[in-house]
Amino acid sequence: MIRNHIPCAVAAIAILAGSLPVYAVSLEEKATDNSVCNFGNDSTDLVYRKLLNGVHGNPSVFTNAMRKWIAKNCANGQTLLIGDDENKSLKKDRMEEVANSACQAADVTWQNIGERGFRLRCTITKLDELKLKYGGDDGK
């Protein structure tokens, strides 16, 4: 009797799993899981190419594009990952500014990668604030 219901149970689980929200997000479109909001290893280049259509300009446009993307695509509790292959103070300042708007400042940690790169990570806790300020459009 139970064997007759197994295919139905498997089908029901498959249907439900397909309808659940997925929060795995990576700007560089690489495989990830729902624990991270990942800008990738070359965040600056990805933001300019994918969010700003290659247009370089005012630093506030750059940081606001990152904030809008976080507001649209990420969730509280996810680990925000931002990285770059060049350890320049201007880039680090911009990235830290974005991280501080999405996470508690005390939670932001830095890791040097190789000779010139860095990686920033923190837990997103301020998503509601970002959505209020930046979440009203398509995230670009």
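Just the heavy atoms: all of them, side chains too, but no hydrogens, waters or symmetry mates, feed the values below.
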Please say yes or no: joined through hydrophobic side-chain contacts below 4.5 Å, possibly via intermediate residues, are Val61 and Ile82 part of one cluster?
yes

All side chain to side chain contact (heavy atoms under 4.5 Å, CB included) counterparts of Asn100, not counting sequence neighbours:
Glu96, Ala105, Val108

Evaluate the ring pair (Phe, Tyr, Trp, His ring centres under 6.0 Å) criterion for residues Trp69 and Tyr134: first the C-alpha distance (whole Å), next the side-chain angles of each, then the deciding distance (0.1 Å), finally the verdict.
CA-CA 9 Å; Trp69 191 83; Tyr134 300 100; over 10 Å; no

Could you walk me through whether Arg94 and Met66 pass the side-chain contact (heavy atoms from CB on, under 4.5 Å) test, one step at a time?
CA-CA 10 Å; Arg94 288 182 190 168; Met66 291 182 79; over 6 Å; no

If every non-hydrogen atom of Leu130 is compared with every non-hydrogen atom of Ala102, which pair is closest and at what distance?
CD1-CB, 3.7 Å

Spatial distance of atom CD (Glu129) from atom CG (Asn76) [nearest 0.5 Å]:
9.5 Å

Can you name the side chain to side chain contact (heavy atoms under 4.5 Å, CB included) partners of Thr109, sequence neighbours left out?
Arg121

Please identify each residue that fulfils salt bridge (charged side-chain N to carboxylate O under 4.0 Å, His left out) with Arg119, with sequence neighbours left out.
none

Val47 vs Phe39 side-chain heavy atoms within contact, under 4.5 Å
yes

Please name all residues satisfying salt bridge (charged side-chain N to carboxylate O under 4.0 Å, His left out) with Asp45, sequence neighbours left out, ordered by chain then number.
Arg49

Measuring from Asp107:CG to Cys122:SG, what's the distance to the nearest 0.5 Å?
6.0 Å

Main-chain N/O of Phe118 paired with Asn112 side-chain donor or acceptor, under 3.5 Å
no

Any sub-3.5 Å donor-acceptor pair from Thr79's side-chain atoms to Thr123's backbone N or O?
no

Do Lys72 and Lys131 make a side-chain contact, defined as non-hydrogen atoms from C-beta onward lying under 4.5 Å apart?
no

Taken to the nearest 0.5 Å, the spacing of Asn73 CG from Asn38 CG works out to 12.0 Å

CG of Leu81 to CD of Gln111, rounded to nearest 0.5 Å, is 10.0 Å

Side chains of Ile70 and Val98 in contact at under 4.5 Å (non-hydrogen atoms):
yes

If I take atom CD1 from residue Ile124 and atom SG from residue Cys103, how far apart are they, to the nearest 0.5 angstrom?
5.5 Å

Looking at residues at least two apart in the chain, or sitting in another chain, which of them share a side chain to side chain contact (heavy atoms under 4.5 Å, CB included) with Glu97?
Thr63, Arg67

Kindly write out the residues that satisfy side chain to side chain contact (heavy atoms under 4.5 Å, CB included) with Thr44, not counting sequence neighbours, or none if the list is empty.
Tyr48, Phe62, Asp84, Lys91, Met95

Minimum heavy-atom separation for Leu52 and Ala65, please, with both atom names.
CD2-CB, 3.8 Å

Shortest non-hydrogen contact between Cys37 and Gln78, atoms and distance:
CB-OE1, 3.7 Å

